[in-house]
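Quick caveat, the model's predicted, so the values are computed rather than measured. By convention in this document, chain letters (A, B, ...) are assigned in the order of the sequence lines, proteins followed by strands, and residues within each chain are numbered from 1.
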There are 2 protein chains.
Amino acid sequence: MAYVTIRDVAQRSGTSVSTVSRALNNRGRISRETKALVEKTAHELGYIPDSRAQAMRSTRTRLVGLLVPDIRNPYFADLAYAIQDTLFDAGYCTSIGTSSEDSVKQDAYIMNMLSQHIDGAIIVPRGGKSKALKALVDISVPMVFVDRHVNDMPEVPVVDSDPSEGLLKALTDLHSRGFRKVGYISGPILDSPTLQEREYAFRSAGRALFGEDNLFVESTSFGHVSCLSVIRKMRGSGVNAFIFGYSQDAVQAISALGYQGLAIGKDISLISFDDLEMFRLMTPNISVISQQVHVIGSLGAQLFLDIVERGRKAGSQRVETVYIPRGSVGEAR
Amino acid sequence: MAYVTIRDVAQRSGTSVSTVSRALNNRGRISRETKALVEKTAHELGYIPDSRAQAMRSTRTRLVGLLVPDIRNPYFADLAYAIQDTLFDAGYCTSIGTSSEDSVKQDAYIMNMLSQHIDGAIIVPRGGKSKALKALVDISVPMVFVDRHVNDMPEVPVVDSDPSEGLLKALTDLHSRGFRKVGYISGPILDSPTLQEREYAFRSAGRALFGEDNLFVESTSFGHVSCLSVIRKMRGSGVNAFIFGYSQDAVQAISALGYQGLAIGKDISLISFDDLEMFRLMTPNISVISQQVHVIGSLGAQLFLDIVERGRKAGSQRVETVYIPRGSVGEAR
DNA sequence: CTGAAAGCGCTTACAG
DNA sequence: CTGAAAGCGCTTACAG
């Protein structure tokens, strides 16, 4: 562990510490030759500036903390990727942490980030206004929430997804193909405002197009309600088109239906939320309502940069969902 | 942005900066009451130690850089999760970076990490011995490679996966169920030593059990070779049991076979590498050869901790794959 | 048991 | 255009 310091560079190039600093940062007046000499020496010695020391002087670390519930969830992985990508291009280093949907871990991670004097935080929050979240606001660390919001913290801008547009397009497609009844499997809705909002949006748009009586909605919140039995029941009522609010339910249903000899896109039509890679790999390709997670991520990062670099406190934004029709939706018969 | 410093705590508690430091770090002799007073004051003021300043004195940052090719790949997401989890419990903060399978980005990220004076790095390397990788070794930053190795860097310990055990068990299962021919779809093998090793291990174990002539191997390296056509061809030769070296091919095959009305686990038996969550959701559940990514991750982290905390330079280790039989394998007929 | 002082590696006014 | 000095927030010998 032998780091080269600015002092080493100064000695070797026969200049002073301050001259080296200026040469390397293009700040202040400096002669062409000195600059060239210093740069050459720094390179030869393999000098890497110590960003901690830099940060201590400038109160800028160019480090942002990103906190997601679980990086193993493809949705959050995509989100993290998009955010990190945008921030990297803006010269920021992103430190990704995982809260495991656990408020205690979330807070531990935030305190850790705070002790590194991050320039800001992008957070998919869980639970309410916790101690660490409050600390962030108290120290007035630039902050953006993504995908979810916290009830008592209206001062923090939020970028999340608006399900209505995608659902409307999906329902319109089903209707135009002759379906007159639609089933909606809303997933484990209990603890998830996101899933709740999707169900609500489904009901609103569905009512107008199909009429209240032709909407069949069921959640899989409770362990004993299997997504398959729900589908069977609905099919008994003449439902042949389904929308899944929760993509895991869709994955489960698709293979089970195939196994039962039902052809997707012919015997049964279905659409799922979330444009997962596997949906594009399957036969037939699965129609989806995409949250455009990449847009959410880069927009969240943009909002953050607006606050940090331009001191502009942007308002919350919603990203429209988009319906992507593919082979899993056929004609009604 | 108003951070409370150690000086604030000293003033408020009527002590000195050094006393506060000692009280909070349990170092040196200190009276019970002073310690209690300082702790109380620190808490009241919401003091968060500046870890950059701490690090500058102690030459330890408790920060480790983790570099994976793409966090959106479920395998790497699992790996990152396991590593971060282990390191977190040991008191380290993990900064996850993404190289996008791009040597330039990889190097940029490493230099960035280096400038934060990380205590070490855990890396899924791509390509050969790059400049930044060399810099890490030069500064003798503790380092471990995971999942892959770099040819010219034998000094860096590697934790990766050994495909043979799992393959042997999988093949034995197929044989005991009466299958006498096996197909192996090896995936886009061209640039992947991992996939190459799997195919090689399949051939070795398969030869002993089934005989050279009953092994059918095909890669999907080239865009125009579809995994489905390969399966069709092999079935024409009387093959009804398949092993997939590359899980994406399996996902694709499973839904396509279901769509064609073939029942998995009855008409056709299959096993895939990688214990993906979706394989456990499908009907029937898909038998897999698990890399035990969680074990690889925590072992990698352990190896790293051995180096950093105990100065013990551990050797490379291989993690056995494990065969997990499930419903997608039936009896031959 | 406690405080004043030095120093980690940098940047930034301030002289010259 | 260049160098000496102060100071960012902390820890750690060193006196007392």
Side-chain angles (χ1 to χ4, degrees), chain A residues 1-39 41-42 45-63 111-119 139, chain B residues 1-39 41-42 45-63 111-119 139:
Chain A
M1 287 294 229
Y3 280 99
V4 174
T5 74
I6 199 174
R7 180 183 272 121
D8 298 328
V9 179
Q11 260 166 5
R12 179 66 164 271
S13 62
T15 61
S16 73
V17 167
S18 26
T19 302
V20 173
S21 175
R22 252 164 301 163
L24 263 24
N25 296 306
N26 303 310
R27 224 181 296 280
R29 319 191 72 38
I30 198 147
S31 79
R32 239 177 213 304
E33 304 105 59
T34 317
K35 186 166 155 61
L37 172 63
V38 168
E39 279 170 346
T41 319
L45 260 38
Y47 169 67
I48 303 170
D50 183 339
S51 61
R52 302 163 310 162
Q54 289 181 319
M56 265 196 15
R57 295 263 359 143
S58 61
T59 66
R60 292 286 299 274
T61 53
R62 302 202 80 81
L63 194 68
M111 292 315 269
N112 196 316
M113 287 289 84
L114 229 31
S115 81
Q116 316 245 11
H117 285 214
I118 43 167
D119 282 352
I139 311 181
Chain B
M1 286 295 229
Y3 280 98
V4 175
T5 74
I6 199 173
R7 180 183 273 121
D8 299 327
V9 178
Q11 260 165 6
R12 178 68 163 271
S13 63
T15 61
S16 74
V17 165
S18 25
T19 301
V20 173
S21 175
R22 253 166 303 167
L24 263 24
N25 296 306
N26 303 310
R27 225 181 294 281
R29 319 193 71 41
I30 199 151
S31 79
R32 239 177 213 303
E33 303 104 61
T34 317
K35 186 167 153 62
L37 172 65
V38 168
E39 279 170 346
T41 319
L45 260 40
Y47 169 67
I48 302 169
D50 183 339
S51 62
R52 303 163 310 162
Q54 290 181 318
M56 266 200 10
R57 296 264 358 145
S58 62
T59 66
R60 292 286 299 276
T61 53
R62 302 201 80 78
L63 194 68
M111 292 315 268
N112 196 315
M113 287 288 85
L114 230 30
S115 81
Q116 318 246 8
H117 285 215
I118 43 166
D119 282 352
I139 311 181

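- Note on A:Ser51: nothing from the nucleic acid sits closer than 4.0 angstrom, heavy atoms only.
- With sequence neighbours excluded, the residues forming a side-chain contact (heavy atoms from CB on, under 4.5 Å) with A:Thr61 are A:Ala55, A:Leu63, A:His117, A:Asp119, B:Arg52, listed by chain and number.
- No side-chain heavy atom of A:Asp8 sits less than 4.5 Å from a side-chain heavy atom of A:Tyr3.
- Remark: B:Ser16 engages B:Ser18, B:Thr19 in a side chain to side chain donor-acceptor pair (under 3.5 Å) (not counting sequence neighbours).
- A heavy-atom distance below 4.5 Å is not found between the side chains of B:Val38 and B:Ile30.
- Counting heavy atoms from C-beta outward, A:Val20 and A:Tyr47 have side chains that stay 4.5 Å or more apart.
- When the salt bridge (charged side-chain N to carboxylate O under 4.0 Å, His left out) test is applied to A:Arg62, the partners found at least two apart in sequence or on another chain are A:Glu309.
- When the nearest nucleotides of DNA chain D are assigned to B:Arg22 and B:Asp50 by heavy-atom distance, the more 5′-ward of the two goes with B:Asp50.
- Listed by chain and residue number, nothing satisfies the side chain to side chain donor-acceptor pair (under 3.5 Å) test with B:Thr41 (two or more places apart in sequence, or in another chain).
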For this session: State the dot-bracket string of DNA chain D. Criteria: Watson-Crick or G-U wobble, both atom distances under 3.5 angstrom; notation: ( ) intrastrand, [ ] crossing earlier pairs, | interstrand, . unpaired.
Result: |||.||||||||.|||
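- Comparing B:Thr19 and B:Arg57 by the nucleotide of DNA chain C that holds the closest heavy atom to each, the one mapping nearer the 5' end is B:Thr19.
- Here the range on DNA chain D touched by chain B, meaning any atom under 4.0 Å from one of its heavy atoms, is D:dG9 to D:dT12.
- At a non-hydrogen distance threshold of 4.0 Å, A:Val17, A:Ser18 from residues 8-18 of chain A come into contact with DNA chain C.
- B:Ile6 CD1 to B:Leu24 CG: the interatomic distance, rounded to the nearest 0.5 Å, is 7.0 Å.
- Among the atoms of the strands shown, none is found under 4.0 Å from any heavy atom of A:Arg52.
- Considering only residues two or more places apart in sequence or on other chains, B:Ser13 meets the side chain to side chain donor-acceptor pair (under 3.5 Å) condition with B:Thr15.
- For residues 15-39 of chain A, the salt bridge (charged side-chain N to carboxylate O under 4.0 Å, His left out) pairs, not counting sequence neighbours, are A:Lys35-A:Glu39.
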